[in-house]
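Encoded as structure tokens, the structure appears first; notes follow it.
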Amino acid sequence: MTDAARILVFDSGLGGLSVVRALREIAPEAELAYAADNAAFPYGDWEETALVERMCEIIGNLIDKMQPDVVVIACNTASTIGLATLRERFDVPFVGTVPAIKPAANLTKSGHISVLATPGTVNREYTKALIDTYAFHCHVKLHGAENLAEMAEAKLSGKEVDLDALRAEVVPVFVEDENGRTDVVVLGCTHYPLLLEELEQGAPWPVTFIDPAPAIARQVLRVLEGRTQLDRGGKFANRALLTGDVDNDAGIVSALSQYGFDISDKNP
Ligand code: DGL
């Protein structure tokens, strides 16, 4: 059931648009709404308990109001800490986004993989457990970038990316020793695929950057499979819902409208 399925995509900011891009490609007939907790962006350095409570409240309200068929937590920082609690508290199916460590471990030839994520995601037990389970045989470099998500937001708002600043943020993920060098970098934050071109330009040597969005989009379709369509009223398709003020931020408005979203009724 993707025909008129209601898919709610949630992120702290605009990073979830990388997942929207993949969803629009494989399910053009589905109805997408986009919710961003931009009042609390970035999630990267939030305290864990406070963040989970905040997310549950916001997402609970969104579920009541929007009645989605599935909620995509298009944020690694939120999924690695909150997914289990969200699933416990709400009946709607959730698809999360967690660092693509398993595919990276399968893909590497050198055995050196890196995870580029927010400081929150690299510190999570969830991320460490993924490494212990799927990449125990690899050298794994975890790096929490302080400002990369903000750089992606600035790019989406039409600002030019400062390549030197971007290089400084990502250089720790490129590791070289006598046994080889990093050949696969996991983009462990949904904002980062939006900077793929600049990441490729800034890389000291070519690597494969893994953007998990196409795999997330496929998982959404699997979850929707076999679900019966409900007859619901209200506008869903292309609504953008935001927790923060955007009245003076023409950049966010234009970024969302480039992806087909309308913020005229933005309060969840
Ligand atoms: N897009 C979010 C993620 O995937 C993070 C950005 C933030 O720090 O809020 O982790």
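Indexing begins at 1, ligand by ligand and atom by atom, following the structure's order. Bear in mind that the values here come from a model prediction, so they are computed numbers and not experimental data.
- Because its NZ or CZ atom is not both nearer than 6.0 Å to the ring centre of Y34 and within 45° of the ring axis, R21 does not count as a cation-pi partner of that residue.
- Closest non-hydrogen pair, L86 versus C56, comes out as CD2-SG, 4.0 Å.
- In this structure, H143 has its ring center at least 6.0 angstrom away from the ring center of F174.
- Shown here for I210 and P212, the closest heavy-atom pair between the two residues is O-CD, 3.6 Å.
- Taking the six-membered ring where the residue is Trp, Y43 and W46 present perpendicular rings, their angle passing 60° and hence far from 30°.
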Give a table of atom pairs where an N or O of ligand 1 lies under 3.5 Å from a protein N or O.
residue	atom	partner	partner atom	Å
ligand 1	1 (N)	D11	OD1	3.1
ligand 1	1 (N)	D11	OD2	3.4
ligand 1	1 (N)	T190	OG1	2.9
ligand 1	1 (N)	H191	ND1	2.8
ligand 1	4 (O)	N76	N	2.8
ligand 1	4 (O)	N76	ND2	3.1
ligand 1	4 (O)	T190	N	2.8
ligand 1	4 (O)	T190	OG1	3.2
ligand 1	8 (O)	Y43	N	3.3
ligand 1	8 (O)	G44	N	3.0
ligand 1	9 (O)	S12	OG	2.6
ligand 1	9 (O)	Y43	N	2.6
ligand 1	10 (O)	N76	N	3.3
ligand 1	10 (O)	T77	N	3.0
ligand 1	10 (O)	T77	OG1	2.5

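- Side-chain contact, N76 with T97: no donor N or O sits under 3.5 Å from an acceptor N or O.
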